[in-house]
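Below is one structure; the comments refer to it alone.
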Amino acid sequence: MSGDAQKAKAGGEGQVTAITPRSEDFSRWYTDVIRRAELADYSPVKGCMVIRPYGYAIWELIQQGLDRRIKATGHVNAYFPLLIPQSLLLKEAEHVEGFAPQVAWVTRGGTEDLEEPLAIRPTSEAIIGTMYAKWIQSWRDLPVLINQWANIVRWEKVTRLFLRTTEFLWQEGHTAHETAEEAEAETLKILHEVYRDFVETELAMPVVVGRKSDSEKFAGADRTYSIEALMGDGRALQAATSHNLGQNFAKAFGIQFQARDKSLQHIWGTSWGITTRLIGGVIMTHGDDNGLVFPPRIAPYQVVIVPIPRGNWRETVLPHAKAIFDELTAQGVRVMLDDRDAYTPGWKFAEWEMRGVPVRLEIGPKDIEKGQVMLARRDTREKLSAGRDGLAARIVDLLADIQRTLFDRAVKFREEHTSETTSYDEFKQIMEGRPGFVIAPWCGSAECEAQIKAETQATIRNLPLEESAGGVCVRCGQPGVARAYFAKAY
RNA sequence: CGGGGCGUGGCUCAGCCUGGUAGAGCACUCGGUUCGGGACCGAGGGGUCGGUGGUUCGAAUCCACUCGCCCCGACCA
């Protein structure tokens with residue numbers, strides 16, 4: 001506890017400047033909050049960020065929640081190399097074309113030029129596919145269900161903290177199946193049972209589940225599915241993707257197996273990923289003008305205890321604070337006891353609020369007399385007294401309530417910012433005014449999609465999984481093949 | 001990659017136009033008084049002005065190039 005306080009102090013300078021209000025400049029608010037809350041900082045390398053301890057703690061919690069679900073659905077973790085020989089990357093044509101502009105290359109080792117350039121992985125289909133070709137012989141070897149936690153490099157022209165950085169951290173699952181149906185089922189299972197469940201349950205971010213249009217799908221996939229969340233400024237964020245790779249990579253890398261009928265077949269593949277971008281999503285979904293607001297399940301500290309110093313407080317007040325700390329910790333609550341002398345209680349209130357801690361407990365001489373503590377929740381900013389007895393149980397309930405409240409609030413926001421129209425004029429009007437999701441019929445042509453993007457900046461985020469044909473295309477008037485979710489996107 | 005903006009102690013910025021070798025607030029250190037919504041007093045430490053080159057007796061200030069960051073577009077998780 002005091003150890004944690006020491007750590008916090010070590011990085012705790014420069015906090016007094018005001019955060020730009022969200023309504024004034026959302027982008028600036030976003031970077032202000034990240035830097036002031038010490039989630040991340042710019043590094044000397046262009047486009048690369050340093051994830052600081054408070055930000056990395058969130059990533060670790062994301063890893064835990066996802067890893068548990070990934071394993072619960074039968075997958076195992078492994079690790080493949082960072083460097084990929086050029087020749088392997090070139091094997092799948094559409095894949096190469098899609099990633100070529102973003103690949104970083106290693107052309108020299110020590111003092112000698114390499115005979116073959118090595119790509120720093122922009123994703124691992126090529127290297128993993130190559131290995132699968134070696135490992136898979138028979139239908140009895142299938143399915144192969146492997147996940148890896150790794151870093152990725154994509155040469156980005158424009159970067160933003162968490163949302164788009166040259167190097168980022170992610171999880172990428174790569175599976176091989178006997179049949180097309182199995183691969184499709186895997187792709188959808190990940191989408192629903194792993195990604196949607198994780199993002200909605202842990203991050204309290206409601207998502208729209210759907211399929212990507214052809215122009216937005218992964219380079220080399222047959223079909224790409226995504227979950228899309230709506231940020232506080234009305235722009236959509238792709239929170240996760242799951243790809244049905246069909247037999248494209250199997251054919252490119254020669255991943256074959258002998259089938260039950262003795263014939264030689266190509267495996268059916270999938271791949272799917274979630275990145276550190278999600279941290280940006282949490283910030284932009286729940287944050288307010290006072291700073292971060294973390295859903296309890298992802299909050300590095302769920303409760304901060306601020307003792308009120310009075311007289312000989314280290315003897316009179318602190319022991320009570322420590323007792324509460326111990327009780328909460330025993331309940332599995334992540335607690336910070338901020339017993340630093342150098343800062344006043346008021347300063348600490350503001351500081352931990354800005355850092356998004358869901359619950360704050362204040363305990364001073366008056367409370368000790370009355371057998372109570374003061375309790376403040378970050379989401380509603382309510383402050384009230386709470387009895388000392390049964391406090392830990394009450395906090396556990398409260399954290400669950402905050403988690404629920406944040407999710408409900410986000411759902412409400414999304415509903416208020418989702419509209420449906422068949423009129424292109426109205427469509428354009430919405431995109432100019434208060435953006436959000438607009439559901440509109442689409443004819444299925446890439447031309448209309450591109451034109452709409454050029455004219456309104458909105459793209460098709462995804463298409464409903466269920467049949468949604470009908471009406472006429474919002475732009476060209478041809479029969480609609482789907483009711484598409486449009487939005488301006490990150 | 002196109003348009004715009006910005007780089008001066010840790011942070012926010014003034015100084016630049018009208019060259020004369022750096023200032024403020026906050027933060028930080030030490031001592032003391034405080035502490036229930038970003039405390040106060042006193043004493044201190046810290047920068048050669050993003051980088052390179054040029055003009056000049058002299059450059060934070062003028063010129064050129066360059067690097068980085070932010071915002072808006074085109075491309076992407």
Side-chain angles (χ1 to χ4, degrees), chain A residues 9-20 25-32 35-36 38 41-49 98-103 122-123 152-172 212 215-219 224 226-228 236-243 271-281 290-291 306-311 313 317 339-354 360-368 372-374 376 381 383 385 450 453-454 457 459 488-490:
Chain A
K9 185 181 181 180
E13 320 94 39
Q15 306 285 302
V16 176
T17 342
I19 298 168
T20 307
D25 185 340
F26 194 86
S27 297
R28 218 173 131 186
W29 167 84
Y30 177 77
T31 36
D32 280 358
R35 300 192 66 187
R36 290 204 39 212
E38 298 172 356
D41 203 353
Y42 296 104
S43 76
V45 186
K46 179 177 164 60
C48 293
M49 67 187 276
F99 279 104
Q102 292 186 277
V103 176
T123 178
I152 291 295
V153 168
R154 295 185 187 173
W155 219 250
E156 295 288 349
K157 289 168 181 169
V158 178
T159 57
R160 300 197 58 194
L161 294 172
F162 290 114
L163 298 176
R164 180 167 298 105
T165 45
T166 299
E167 178 186 7
F168 57 92
L169 306 182
W170 78 348
Q171 147 284 305
E172 53 178 325
K212 286 294 195 181
S215 57
E216 296 269 338
K217 80 175 169 58
F218 177 71
T224 288
S226 74
I227 54 175
E228 305 276 337
L237 181 80
Q238 179 174 300
T241 49
S242 183
H243 316 290
S271 69
W272 25 275
I274 262 187
T275 79
T276 33
R277 148 181 275 198
L278 268 189
I279 297 172
N290 294 302
V306 179
I308 307 299
R310 269 294 162 69
W313 71 280
V317 177
D339 62 355
R340 291 175 288 179
D341 286 308
Y343 300 94
T344 61
W347 189 92
K348 292 175 183 175
F349 299 167
E351 175 72 7
W352 291 111
E353 229 161 68
M354 186 270 291
R360 180 180 70 247
L361 297 179
E362 305 166 19
I363 181 160
K366 287 183 242 166
D367 302 303
I368 293 165
Q372 63 169 41
V373 297
M374 292 307 294
R381 296 177 61 79
K383 184 164 163 175
S385 59
K453 182 174 183 183
Q457 288 177 41
T459 51
K488 294 182 184 174
Y490 274 99

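Letters go in sequence order (proteins before strands), and every chain restarts at 1.
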The residue, Ala454(A) or Thr31(A), whose nearest nucleotide of RNA chain B is more 5′ is Thr31(A)

Let's see if you can work this out: which of G37(B), G36(B), C1(B) has an atom nearest to the side-chain heavy atoms of Arg381(A)? G37(B)

I'd like to know if the side chain of Tyr30(A) and the backbone of Leu161(A) have a donor-acceptor N/O pair within less than 3.5 Å. yes

Any donor-acceptor pair, under 3.5 Å, between the side chain of Gln457(A) and the base of G73(B), if you only look at N and O atoms? no

Kindly point out which of G38(B), C71(B), C75(B) is positioned nearest to the side chain of Glu156(A)? C75(B)

Counting only side-chain heavy atoms from C-beta out, which of C69(B), G36(B), G37(B) sits nearest to Tyr42(A)? C69(B)

Between C11(B) (P) and Arg35(A) (CZ): distance, integer Å: 8 Å

U21(B) and U61(B), which share atom name P, separated by this distance in whole Å: 14 Å

Ranking C35(B), C76(B), G73(B) by distance to the side chain of Gln102(A), first place goes to C76(B)

In terms of side-chain heavy atoms of Tyr343(A), which of C28(B), C76(B), G38(B) is nearest? C28(B)

Here the distance between atom P of C75(B) and atom NZ of Lys488(A), to the nearest Å, is 15 Å

When the P atoms of G51(B) and C67(B) are considered, how many whole Å apart are they? 15 Å

Can you tell me if the side-chain N/O atoms of Arg340(A) get under 4.0 Å from OP1 or OP2 in C35(B)? no

So which nucleotide does C17(B) pair with, by the Watson-Crick or G-U wobble rule with both distances under 3.5 Å? none

Arg154(A) has a side chain; which of C76(B), A39(B), G73(B) sits nearest to it? C76(B)

Between G47(B) and G3(B), how far is it from one C1' atom to the other, in whole Å? 34 Å

Are the side chains of Arg360(A) and Lys383(A) in touch, meaning some heavy atoms are under 4.5 Å apart? yes

What is the distance, rounded to the nearest whole Å, between atom CZ of Arg164(A) and atom C1' of C75(B)? 8 Å

For atom P, what is the distance between G23(B) and C65(B), given to the nearest Å? 32 Å

Whole angstrom value for the distance that separates P of G32(B) from CG of Asp341(A): 12 Å

Under a 3.5 Å limit for both distances, which nucleotide forms a Watson-Crick or G-U wobble pair with G25(B), could you say? C11(B)

Which base sits across from A74(B) as a Watson-Crick or G-U pair, both distances under 3.5 Å? none

Identify the nucleotide, in any strand shown, that forms a Watson-Crick or G-U wobble pair with A39(B), with both distances under 3.5 Å; if there is none, say none. U33(B)

So, is Thr344(A) close to the C35(B) phosphate, meaning a side-chain N or O under 4.0 Å from OP1 or OP2? no

What nucleic acid atoms does Lys453(A) come within less than 4.0 Å of, heavy atoms only: base, sugar-phosphate, or nothing? sugar-phosphate

How far does the P atom of G53(B) sit from the matching atom of G58(B), given to the nearest Å? 15 Å

Picking from C76(B), G38(B), G68(B), the nucleotide nearest the side-chain atoms of Glu351(A) would be G38(B)

First encountered from the 5' end of RNA chain B, between Leu163(A) and Gly47(A): Gly47(A)

What's the closest nucleotide to the Lys157(A) side chain, out of G36(B), G38(B), C1(B)? C1(B)

Could you verify whether a donor N or O on one side chain and an acceptor N or O on the other, from Asp32(A) and Thr20(A), lie under 3.5 Å apart? yes

Are Phe99(A) and Phe218(A) near enough that their ring centres are under 6.0 Å apart? yes

Tell me the partner of C69(B), counting only Watson-Crick (N1-N3 plus N6-O4 or O6-N4) or G-U wobble (N1-O2 and O6-N3) with both under 3.5 Å; none if nothing fits. G5(B)

Is G45(B) paired to anything, Watson-Crick or G-U wobble with both distances less than 3.5 Å, and if yes, which nucleotide? none

Does any nucleotide pair with G58(B) by Watson-Crick or G-U wobble geometry, both distances under 3.5 Å, and what is it? none

When you measure from the side chain of Asp367(A), which nucleotide among G37(B), G36(B), C76(B) comes out closest? G36(B)

Which of the following nucleotides, C72(B), C76(B), C69(B), is nearest to the side chain of Ser27(A)? C72(B)

Nearest heavy-atom approach of Thr123(A) to Glu172(A) is OG1-OE1, 3.6 Å

